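Owing to the predicted nature of the structure, the values given are computational and were not obtained by experimental measurement.
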Amino acid sequence: MFNFKRYSRAGSIKEAIQLLGQNPEAHLIAGGTDVLVKLHKGKGDFDHLIDIHGIVELDFISQKDDGDLVIGPLCCFTHVAESALIRKHIPVLSEAILTIGGPQVRNMATIGGNLCNGVPSADSATPLIALNAVVTIEGQDGSRQLPLEDFFLGPSRVALAHHEIMTAITVSRGNYAGYSGHFFKYAMREAMDIATIGCSAVCRVEDEVLTDLRLAYGVAAPVPIRCKDTEDKIRGRKVSTQLLDDIADAVADDVSPRTSWRAAKDFRLQIIATLAHRVVKRAILNAGGTIQ
């Protein structure tokens with residue numbers, strides 16, 4: 001049983017924003033795979049819900065004339081993972097999503113909900129951060145855009161005012177064309193568990209030179225993060241086993257994992273280094289490079 005105090009259903013973006021403005025204690029619910037769990041556990045601050053699940057204008061995947069890919073936040077994981085556009089242009093996102101839960105969860109959970117929860121273990125966050133995704137946010141004061149990397153403020157904290165909602169996730173053509181990537185999630189029970197560490201790499205290789213690399217981690221800091229110092233150190237170097245070793249050695253300075261009941265800090269650091277080597281290697285191979 002779910003003990004709702006109030007429930008409202010929004011039929012449009014405008015109505016959802018209006019309802020949020022009128023109800024400062026309310027929370028949005030989309031797929032419900034996280035919110036309903038919290039409500040079932042008796043979380044009192046989740047007893048007033050605004051349902052946005054049926055807003056058609058937030059459930060889409062499209063490609064603009066300039067090649068930019070746009071994903072509606074109400075797309076369920078199955079829709080995203082199976083999208084021909086996603087598989088063709090940014091398959092690293094499909095890879096990550098297919099590690100989330102089981103088919104039943106992926107059929108309900110939404111990509112926007114996964115991001116807006118603000119948890120560092122959000123599996124869709126690291127590939128999108130590595131792709132330099134930008135989110136569109138709408139509220140009472142109009143629309144604004146924000147790099148997804150800056151959207152995360154801390155554990156369960158995101159850059160949304162109460163009256164705002166995410167309305168689009170955009171990956172520009174310049175951030176995926178000519179790039180390849182890979183995702184790997186280390187968890188005790190693989191898809192049916194929260195990630196101990198998640199890692200995404202997106203790279204471009206030209207004439208056996210790693211001309212660009214974007215390396216992102218989940219659960220390696222209070223928010224999903226990019227390893228920008230590591231990226232700067234190795235960009236422009238020739239592809240080699242030594243390069244992979246240097247990346248694995250460098251990432252420790254970019255991350256700040258903590259000890260929790262799931263894993264000790266030192267263990268997480270070991271996984272982070274191992275995944276840097278493994279995930280970047282696969283991304284390079286996917287980009288047509290060779291490792292000697």
Original post:
Do D51 side-chain atoms and H53 backbone N/O form a donor-acceptor pair below 3.5 Å?
Top reply: yes
Original post:
Do V158 and F152 pass the side chain to side chain contact (heavy atoms under 4.5 Å, CB included) test, and can you show the C-alpha distance, the side-chain angles, and the key distance before you say yes or no?
Top reply: CA-CA 5 Å; V158 296; F152 300 99; 4.2 Å; yes
Original post:
Are K228 and E149 ion-paired here, with the side-chain N under 4.0 Å from a carboxylate O?
Top reply: yes
Original post:
Taking the side chain as C-beta and beyond, is there a heavy-atom pair between L19 and E15 under 4.5 Å?
Top reply: yes
**OP:** State yes or no: do V119 and M166 share one hydrophobic cluster built from I, L, V, M, F, W and Y residues joined by side-chain heavy-atom distances below 4.5 Å, directly or via other members?
**Re:** no
**OP:** Check whether any side-chain heavy atom of I52 sits under 4.5 Å from a side-chain heavy atom of L74, and report yes or no.
**Re:** yes
Original post:
Is there a side-chain contact between H277 and I247 (heavy atoms, below 4.5 Å)?
Top reply: no
Original post:
Do the side chain of T170 and the main chain of V70 share a donor and acceptor less than 3.5 angstrom apart?
Top reply: no
Subject >> Path from V202 to L85 over hydrophobic side-chain contacts below 4.5 Å >> reply: yes
**OP:** Report yes if some heavy atom in the side chain of I284 is under 4.5 Å from a heavy atom in the side chain of L244; otherwise report no.
**Re:** yes
Original post:
D246: what forms a salt bridge (Lys or Arg N to Asp or Glu O under 4.0 Å) with it, not counting sequence neighbours?
Top reply: R237
Subject >> Side-chain touch L213/R235, heavy atoms, less than 4.5 angstrom >> reply: no
Original post:
Minimum heavy-atom separation for S121 to A195, with atom names?
Top reply: CB-O, 4.4 Å
Original post:
Is there a chain of hydrophobic side chains (I, L, V, M, F, W, Y, each step under 4.5 Å between heavy atoms) that links Y186 to V255?
Top reply: yes
**OP:** Take V280 and L215, measure what side chain to side chain contact (heavy atoms under 4.5 Å, CB included) needs, and give me the verdict at the end.
**Re:** CA-CA 8 Å; V280 173; L215 183 62; 3.9 Å; yes
Subject >> Nearest atoms (heavy-atom pairs only) where T290 meets L285 >> reply: CA-CD2, 4.4 Å
Original post:
Do T167 and L58 come within less than 4.5 Å of each other through their side chains, counting heavy atoms only?
Top reply: yes
**OP:** Drop me the distance from I55's CD1 to I165's CD1, to the nearest 0.5 angstrom.
**Re:** 5.5 Å
**OP:** Indicate the atoms forming the closest heavy-atom contact of A159 with I137, along with that distance.
**Re:** O-CD1, 3.8 Å
Original post:
Can you hop from V135 to I90 via hydrophobic side chains spaced under 4.5 Å?
Top reply: yes
**OP:** Give a yes or no answer on whether the side chain of R258 reaches the backbone of A221 with a donor-acceptor pair at less than 3.5 Å.
**Re:** no
**OP:** Using atom types as modelled and distance alone, determine if a side-chain donor or acceptor of R268 lies under 3.5 Å from a backbone N or O of I197.
**Re:** no
**OP:** With rounding to the nearest 0.5 Å, note down the distance linking CG in L69 to CD in Q63.
**Re:** 5.0 Å
**OP:** Specify the closest pair of heavy atoms between A248 and A276, including all atoms of both residues, with the distance to one decimal.
**Re:** CA-CB, 4.0 Å
Original post:
Which heavy atom in A125 sits nearest to a heavy atom in P224, and how many Å separate them?
Top reply: CB-CG, 3.9 Å
Original post:
With distance as the sole test, does N286 use its side chain to make a donor-acceptor pair with the main-chain N or O of S180 at under 3.5 Å?
Top reply: no
Subject >> Counterpart residues, side chain to side chain donor-acceptor pair (under 3.5 Å), relative to N132 (two or more places apart) >> reply: N175, R226
Original post:
Does any N or O in the side chain of Y217 come within less than 3.5 Å of the main-chain N or O of I272, such that one atom is a donor and the other an acceptor?
Top reply: yes
Original post:
Hey, what do you get for CG (D123) to CD (E95), rounding to the nearest 0.5 Å?
Top reply: 12.5 Å
**OP:** To the nearest 0.5 Å, tell me how far H79 NE2 sits from I86 CD1.
**Re:** 8.5 Å
**OP:** Name the orientation class of the two ring planes belonging to Y176 and H89 (parallel below 30°, tilted from 30 to 60°, perpendicular beyond 60°).
**Re:** tilted
Original post:
So if you build clusters from Ile, Leu, Val, Met, Phe, Trp, Tyr with side-chain heavy-atom gaps below 4.5 Å, do L269 and V279 land together?
Top reply: yes
Original post:
Would R278 count as a cation-pi partner of F184, with NZ or CZ less than 6.0 Å from the six-membered ring centre and within 45° of the ring normal?
Top reply: yes
Subject >> Distance in Å, S260 OG paired with F267 CZ, rounded so as to fall on 0.5 Å steps >> reply: 11.0 Å
**OP:** Dump the intermediate steps for side chain to side chain contact (heavy atoms under 4.5 Å, CB included) on C116 and F151, then the final yes or no.
**Re:** CA-CA 9 Å; C116 290; F151 181 69; 4.0 Å; yes
**OP:** Evaluate whether atom NE2 of H163 has more than 12 neighbouring non-hydrogen atoms of other residues, nucleotides or ligands under 6.0 angstrom away.
**Re:** yes
**OP:** Can you run down the salt bridge (charged side-chain N to carboxylate O under 4.0 Å, His left out) pairs that involve residues 54-81, sequence neighbours left out, and say none if there aren't any?
**Re:** none
Original post:
Is there a side-chain contact between L153 and V223, using heavy atoms and a 4.5 Å cut-off?
Top reply: no
Subject >> Pi-cation contact, Y179 with R214 (under 6.0 Å, within 45°) >> reply: yes
Original post:
Which pair of non-hydrogen atoms, one from I194 and one from A187, has the smallest distance, and what is that distance?
Top reply: O-CB, 3.6 Å
Original post:
So how far is it from C227 SG to K233 NZ, rounded to the nearest 0.5 Å?
Top reply: 10.5 Å
Original post:
Is the backbone of T99 close enough, under 3.5 Å, to the side chain of K185 for a donor and an acceptor to pair up by distance?
Top reply: yes
Original post:
Is R6 salt-bridged to E25, cutoff N-O under 4.0 Å?
Top reply: no
Original post:
Would you say the side-chain atoms of H162 pair up with the backbone N or O of N23, donor to acceptor, closer than 3.5 Å?
Top reply: yes
Original post:
Strictly by modelled atom types, are T78 and R106 linked by a side-chain donor-acceptor pair under 3.5 Å?
Top reply: no
**OP:** Go through D253 and T230 one step at a time and tell me if the side chain to side chain contact (heavy atoms under 4.5 Å, CB included) criterion holds.
**Re:** CA-CA 8 Å; D253 293 331; T230 299; over 6 Å; no
Subject >> Heavy atoms of other groups near R204 CZ, more than 12 under 6.0 Å >> reply: yes
Original post:
Side chains of L128 and L115: closer than 4.5 Å at any heavy-atom pair?
Top reply: yes
